[in-house]
> 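Got a structure here, written out as structure tokens. Questions coming.
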Amino acid sequence: MSQAPLSLSLLALVLAAIAVDLLVGDPSRLPHPVVVMGRVIARLERAWNHGSAAARRARGVLLTAMVVLGVYALAWGLLALLGRLDPWLAMAAELWLLATTLAIKGLRDAARAVASPLGRGDLPGARRALAMIVGRDTAALDEGEISRGAVETVAENTVDGITAPLFWALLGGAPLALAYKAVNTLDSMVGYRNARHADFGWASARLDDLANWLPARLTALALWLGARGLPGHWRHRGALAATRREAPRHPSPNAGWPEAMVARLLGVQLGGVNHYGGEPSRRALLGEPLKALGAAHIGRAVRLMHGGWSAFLLLMLPAVLVREWLA
């Protein structure tokens, strides 16, 4: 590695990883660590998720510990080995690993894939694109509900796919960022409150809540700060207070923070009734319906996303400086 302090070198690597993600995203030809994690989790879930509730919960705790600690140890060991062979090779490997934890380009492209047909009046095309990024039923959604689904996805995944990985990367490099992605992947696969996963996925869901607790709240603040630097009229007055008031209404302890802030900044209302497999699920209303949701709000949410992660980096600078001082 270079002679610069470790934290500054890490900051430079994180910035380079952001650039790589923005330019190339996740090329399908390259192996992706999250895909490997998913395969391991799926195999262990099939083998271990049976028996009594207590047994399933115990195995779920073991699964969570094994996957998260295993991912961290493998990443740390790989970088340590490469560092002994060639520091530049280790730096290149860490850069690639960091880039795989980010989804800035992927989230932007997924949102545009919904907004583009929706803007042309192609509701079937927009529904198909939305179905690729949400779990709710999309076959009967109108323009407003399609737009709501896309805006909510951009808001929530600003944390999961961008700011939370940045948070953990700036604290502990690629090993800690990948460990976070392991937590996030576990939650997305087994962290459901249904009959099959309520016990087995209990530890995964609680650890995901913990790992996202501070990043989600910092992201809401960063979205508010970042919007100030964006062109156009953004509704800042009362947005912080309203977000603090409304975010706890969301069923997730963390997702409500970016969603409530985005709703307030856009002047729209998020939440309402979603259907999953034909069954209704009511979510708390966030924001105020000052404007009817439409395709244009998806693009505005993406601009807020970019302003948010940029401001988030500035908010993390004190932690980076403390890390340098302690190194």
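This chain uses plain numbering: 1 for the first residue, then up along the sequence.
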> What is the minimum heavy-atom distance between Pro165 and Ala177, and which atoms define it?
O-CB, 4.0 Å
> For the backbone of His197 and the side chain of Asn194, can you confirm whether one donor and one acceptor N or O come within less than 3.5 Å of each other?
yes
> Given the rule in the side-chain contact (heavy atoms from CB on, under 4.5 Å) test, do Leu315 and Leu225 qualify, once you have shown the distances and angles that lead to the verdict?
CA-CA 10 Å; Leu315 289 176; Leu225 292 171; 3.9 Å; yes
> Check for a donor-acceptor pair, side chain of Arg56 on one end and backbone N or O of Gly51 on the other, with a separation under 3.5 Å.
yes
> At their closest point, which heavy atom of Leu98 faces which heavy atom of Ala17, and how far apart are they?
CB-CB, 3.7 Å
> Is Leu63 close to Arg59 at the side-chain level, that is, under 4.5 Å between some pair of heavy atoms?
no
> So does Lys105 get a backbone contact from the side chain of Asp21, meaning a donor-acceptor N/O pair under 3.5 Å?
yes
> Would you give the length of the straight line joining atom NE2 of His297 to atom CD of Glu143, rounded to the nearest 0.5 angstrom?
10.0 Å
> Give the minimum heavy-atom separation between Trp309 and His306, together with the two atoms involved.
NE1-ND1, 3.1 Å
> Using a 4.5 Å cut-off on heavy atoms from C-beta on, say whether the side chain of Val190 contacts that of Asn49.
no
> Do Pro33 and Trp96 have side chains that get closer than 4.5 Å, going by heavy atoms?
yes
> Spell out, as yes or no, whether a donor-acceptor pair under 3.5 Å connects the side chain of Arg228 to the backbone of Trp224.
no
> Are Val151 and Ile298 close enough, and set up right, to give a side-chain contact (heavy atoms from CB on, under 4.5 Å), and what steps lead you there?
CA-CA 5 Å; Val151 170; Ile298 301 174; 4.3 Å; yes
> Please report the C-alpha distance between His236 and Arg264 in whole Å, then the side-chain angles of each, then the deciding distance to 0.1 Å, and finally whether the side-chain contact (heavy atoms from CB on, under 4.5 Å) criterion is met.
CA-CA 8 Å; His236 288 85; Arg264 286 290 169 174; over 6 Å; no
> Looking at Val159, Asn212, Leu210, which hits side-chain contact (heavy atoms from CB on, under 4.5 Å) with Asn254?
Asn212
> Same cluster or not: are Ile41 and Val35 linked, directly or through other Ile, Leu, Val, Met, Phe, Trp or Tyr residues, by side-chain heavy atoms under 4.5 angstrom apart?
no
> Assess the residue pair Leu221 and Leu240 against the criterion (side-chain contact (heavy atoms from CB on, under 4.5 Å)); give the C-alpha distance rounded to whole Å, side-chain angles, the decisive distance to 0.1 Å, and a yes or no.
CA-CA 8 Å; Leu221 176 60; Leu240 286 173; 4.3 Å; yes
> State yes or no: do Leu23 and Val14 share one hydrophobic cluster built from I, L, V, M, F, W and Y residues joined by side-chain heavy-atom distances below 4.5 Å, directly or via other members?
yes
> Are Val71 and Leu79 co-members of a hydrophobic cluster defined by side-chain heavy atoms under 4.5 Å apart?
yes
> For Pro248 versus Thr243, what's the shortest heavy-atom pair and its separation?
CD-O, 4.3 Å
> Is Leu266 linked to Leu285 within one hydrophobic cluster, defined over Ile, Leu, Val, Met, Phe, Trp and Tyr using a side-chain heavy-atom separation of less than 4.5 Å?
no
> Hey, what do you get for CE (Met91) to CH2 (Trp88), rounding to the nearest 0.5 Å?
5.0 Å
> Taking CH2 in Trp48 as the centre, count heavy atoms belonging to other residues, nucleotides or ligands within less than 6.0 Å. Is the count above 12?
yes
> Working to the nearest 0.5 Å, report the span between CG of Leu270 and CG of Leu293.
6.0 Å
> Are Leu313 and Leu15 side-chain neighbours, meaning at least one heavy-atom pair lies under 4.5 Å?
yes
> If you round to the nearest 0.5 Å, how far is CG of Leu166 from OG1 of Thr101?
7.0 Å
> So, do Leu176 and Tyr180 sit near enough that their side-chain heavy atoms are less than 4.5 Å apart?
no
> Identify the two heavy atoms, one from Arg112 and one from Pro117, that lie closest to each other, and give their separation to 0.1 Å.
O-CD, 4.3 Å
> With no hydrogens and no angle check, is any side-chain donor or acceptor of Thr100 less than 3.5 Å from a backbone partner on Leu97?
yes
> Do Arg148 and Leu141 make a side-chain contact, defined as non-hydrogen atoms from C-beta onward lying under 4.5 Å apart?
no
> Between Ser204 and Thr64, which heavy-atom pair has the shortest distance, and what is it?
OG-OG1, 2.8 Å
> Would you say the side chains of Thr163 and Thr219 form a donor-acceptor pair under 3.5 Å?
yes
> May I ask you to say whether Arg196 pairs ionically with Glu45, meaning some side-chain N is under 4.0 Å from a carboxylate O?
yes
> Within the 4.5 Å heavy-atom criterion, are Val36 and Pro31 side-chain neighbours or not?
no
> Distance from Asp86 atom CG to Leu81 atom CG, nearest 0.5 Å?
11.5 Å
> Hey, is Arg136 close enough to Glu152 for a salt bridge, meaning N to O under 4.0 Å?
yes
> Quick one: does Asp199's side chain have a donor or acceptor within less than 3.5 Å of a partner on Arg57's backbone?
no
> How long is the gap from CG on Leu286 to CZ on Arg245, to the nearest 0.5 Å?
11.0 Å
> Would a hydrophobic clustering, with Ile, Leu, Val, Met, Phe, Trp and Tyr connected at side-chain separations under 4.5 Å, put Met66 with Val61?
no
> Do Pro175 and Glu94 have side chains that get closer than 4.5 Å, going by heavy atoms?
yes
